[in-house]
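What follows is one structure encoded as structure tokens, with my remarks underneath.
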Amino acid sequence: MVLELPPMCGIFGIVLKKRSAKLGDMMVRAAERLSYRGYDSVGMAVANGDGAIDLRKDVGNIAQTNEQFGYDRMSGDRGILQLRWATFGVPNTVNAQPLFSPDEVMVGAHNGNITNDPFIREKLEREGYKFLTENDGERLVCLTHKHLKNGKSPEEAYTAVIGEAEGDFASVFMRRDSREVYAVKMGSSLYLGLADDFICVSSDLPSILEFTRKYVRLENGDLVVFNDRDYRIFRLPEQEYIERPVTVSDIDIENANKEPFAHFFMKEIHEQVEGTRSLLSLYGSTGVWKDFVEALDKANRVFISGAGTSYHALLLGTYYFNKIARLPIFPTWASQMLPLYSNTVGEGDLLVLVSQSGETKDLMNVYDWAKEKRVAKTFSVVNNIGSTLALHCDGMIPIYSYLEISVPATKTYTNQVMCFLYTAMKLAERRGIAYKGITWDDLHRVPELVRETIAAAEEPVKELAPVLLKHPSMHILGQDMTHPVAMEGALKMKEVVYNHPEGMYSSEFKHGPLAVVDKDYPVLFVSLPENEDLVLSHMNEVICREGIVVHVGQPSRGYDKICHYKLPIPAVGNPYLNSILSVIPLQMIAYEMAIALGNNPDQPRNLSKTLTVD
Ligand code: BG6
């Protein structure tokens, strides 16, 4: 199953049969359906039929900008809109989309990343274009405008555009001098909506199902040119027109975005394939990691803090920085940092604040303290680059997981871990430190290995879930780099199964907790390739007390011989890749157990996605 790039922004375009005062209201309703895709800024452009384009945009979510501009009162016969999840360029009015072409004859918006934006920018500047923004979307608008204003048809113009612009994107484009609207799909999702008195296009299905059940799912390479009653789909790669099937949907709107999964939790487990791929691609093409590596290299001492799942990710990152870059780094829970280290943090120290939301209060307290004491620099590792920590810390590195909707974190954890491994390797190279055990080729295998790991776990988790559901508690043990993995697996299960698995260090188990083992007590062992003998001996301590032993890791004869159950990962024979992949079967077993109990893993009881309270 090829999944689209995870949501990062949202675009929508519509052409009505005739000018109408309802246009603005329809567009606001579509924007509200798309609001989860971007709340850094929102913009709407409307052509009101007398040759003008009315463009209004600003930072803020759809409710705030509609309040400011009265979007729902805009009237006209066609319009486009964009909700921005900032990836490049801080969220501000200038960088908001849609964006005008220089002559204001055309206006466009996009969702995605033009990875060769610097090259395109330089080329167009040489041809006389002047850019007002840091937004790669502006280059796309100008590139399209350049070809159209030379008299090319939309088909010819977009053939030229995709010949120059690289990356994953979807874009929508409107002109003052024509009722036709153009939309192109190159990697990010895009759908066409059909009705008797309008045609529309959108990044996702719910914003179309709001108005019509009839839609066409567009594919990468499709250019669609439409007005209020006709459309044509042109295949840019093959240079030919095609028909695509029209679907009359029976999906209810609320579940349309999870398609084809029953919960965002499982969809986001699968999005770890594209999420890790987008991190590797964007780190490689933008160098956005450089400030972080420099800050780590120059720091006197490095403290790294986070809460919940982010803490487990940074704990694994601590192994990477020590093992690969020989950087001693002090990991703490967010709320533990000040009580433990506030008396020792000094000049030149660096506080790394790890938070997918960038808003967790426990970390804000650390940030506020550092700002007030001015004793150390702060650096945020975030998913939401429009967040408080992202905008206020001395430095920021994004993890590019795009929006994570399910409350329990899955794909953001994996991208946090990938961020730490990537930057640990870069730091070692900056320091001239030779490291073993992981190469860049290994790292670039991760997205496909994630896909394989998900596939390999599908059946085993179905077999194991009913067994573990018989027990209110269990232990999940890890050693070396799989200790944080065991902790994260236990947290996932607690969050959605509401049971009591304890994640802990395997060698510590015999110093007390072993007493808990009796007949059929489940103990899961998360192994690395090189610690098989040690893990086997730990397993035997449980087996000889009639406990149930589950192996999480790459299969071997030794484990096959004594384990009762296995959650296998691909036999990659690499400890670093094992430490990334072995969380996946634990995420999936937690999900399997949760839905067996009828729990909703996306909104577990008592929990919230971001805790902005102490
Ligand atoms: C908790 C969430 O409230 O905050 C967890 O339920 C999350 O899923 C933790 O890991 C930390 O959040 P963040 O945004 O700081 O990574």
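All values below were derived from every heavy atom in this structure, side-chain atoms included, with hydrogens, water molecules and symmetry-related copies excluded. Keep in mind that this is a model prediction, so the values were computed, not measured. All residue numbers refer to positions in the sequence shown, counting from 1. Atoms within a ligand are numbered from 1 in the order they appear, just like the ligands themselves.
Those atoms of ligand 1 with a heavy atom of Ala409 less than 4.0 angstrom away are 8 (O). The atoms of ligand 1 that sit less than 4.0 Å from any heavy atom of Thr309 are 10 (O).
Among protein heavy atoms, the minimum distance from atom 12 (O) of ligand 1 is reached at Thr360 OG1, 3.5 Å. Among all non-hydrogen protein atoms, the one lying nearest atom 16 (O) of ligand 1 is Ser310 OG, 2.6 Å. Closest to atom 3 (O) of ligand 1 among all protein heavy atoms lies Ser608 O, 3.1 Å. When only non-hydrogen protein atoms are considered, atom 5 (C) of ligand 1 lies nearest to Glu495 OE2, 4.2 Å. Distance from atom 9 (C) of ligand 1 to its nearest protein heavy atom, with residue and atom name: Ala307 O, 4.0 Å. Nearest protein heavy-atom contact of atom 4 (O) of ligand 1 is Lys609 O, 4.1 Å.
Atom NZ of Lys494 is surrounded by more than 12 heavy atoms from other residues, nucleotides or ligands within 6.0 Å.
The aromatic ring centroids of Tyr341 and Phe303 lie less than 6.0 Å from each other. Here His270 and Phe261 bring their ring centres to under 6.0 angstrom of each other.
Ser305 and Thr332 share a donor-acceptor pair across their side chains, judged by distance under 3.5 Å alone.
Residue Val407 has at least one nitrogen or oxygen atom sitting less than 3.5 Å from a nitrogen or oxygen atom of ligand 1, judged on distance alone. For ligand 1, the polar-atom distance check finds an N/O of Ser357 within less than 3.5 Å of one of the ligand's N/O atoms.
Side chains of Leu567 and Met588 form no contact here, defined as non-hydrogen atoms less than 4.5 Å apart. Glu452 is listed as a side-chain neighbour of Leu449, based on a closest heavy-atom distance under 4.5 Å.
Of the options Tyr422, Tyr435, Tyr283, a ring-ring contact (aromatic ring centres under 6.0 Å, His included) to Trp440 is made by Tyr422 and by none of the others.
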